[in-house]
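Presented below is the structure to which this report refers.
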Amino acid sequence: MEEMRLNYVANKIIEVFQEAFPDDTGYIASKKYRLAEFGEDKAGTFYWAIDQLDDKNFDALCNKLGIENNPSYFHIFKTIMQKL
């Protein structure tokens, strides 16, 4: 099977899923397919993560990305993304 190309943010999300659900390869594979649809759109991928990840996994993603998990920052980001 051909390896899916995932952008940087998508790869970090998959790392979070692999740590959170190490035995659920089917779930992880389905998320890889979903995240591959974003192509190189890292902002769109991150926007998806804000809406889809629970607090624990979103915090883990922020740590992997080296960014502060500040809800007010993400509210502004979501507002901007919704306008685009």
**Request:** Go through L65 and Y8 one step at a time and tell me if the side chain to side chain contact (heavy atoms under 4.5 Å, CB included) criterion holds.
**Result:** CA-CA 9 Å; L65 294 173; Y8 180 76; 3.5 Å; yes
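Rounding to the nearest 0.5 Å gives a distance of 14.0 Å between NZ of K31 and CD of Q18. Atom CD1 of I50 sits about 11.0 Å away from atom OG1 of T45, to the nearest 0.5 Å. From I14, atom CD1 reaches atom CG of L35 across 5.0 Å, with rounding to the nearest 0.5 Å. The structure places NZ of K56 at 14.5 Å from CG of L61, a figure rounded to the nearest 0.5 Å.
The shortest side-chain heavy-atom distance between I13 and W48 falls under the 4.5 Å cut-off. A 4.5 Å side-chain heavy-atom check between K78 and D51 finds at least one atom pair inside the cut-off.
Applying the salt bridge (Lys or Arg N to Asp or Glu O under 4.0 Å) test to residues at least two apart or on different chains, the pairs with a partner in residues 9-21 are K12-E15, E15-K64, E19-K64.
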Below 3.5 Å, can you tabulate the donor-acceptor pairs from side chains in residues 20-30 to any protein atom, sequence neighbours excluded?
from: D24; atom 1: OD1; to: Y27; atom 2: N; distance (Å): 3.2
from: S30; atom 1: OG; to: Y27; atom 2: O; distance (Å): 2.7

Could you pull out every donor-acceptor pair under 3.5 Å between side chains of residues 66-74 and any protein atom, sequence neighbours left out?
from: N69; atom 1: ND2; to: D59; atom 2: OD1; distance (Å): 3.3
from: N70; atom 1: OD1; to: S72; atom 2: N; distance (Å): 2.9
from: N70; atom 1: OD1; to: S72; atom 2: OG; distance (Å): 2.6

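Two rings, from F58 and F46, have their centers less than 6.0 Å apart.
Remark: E37 engages R34 in a side-chain hydrogen bond (donor to acceptor under 3.5 Å, both in side chains) (not counting sequence neighbours). Residues forming a side-chain hydrogen bond (donor to acceptor under 3.5 Å, both in side chains) with D55 (at least two apart in sequence, or on another chain): none. A search for side-chain hydrogen bond (donor to acceptor under 3.5 Å, both in side chains) contacts involving Q82 returns Y47, not counting sequence neighbours.
Contact record, D41 with N7: O-ND2, 3.5 Å, taken as the closest heavy-atom pair.
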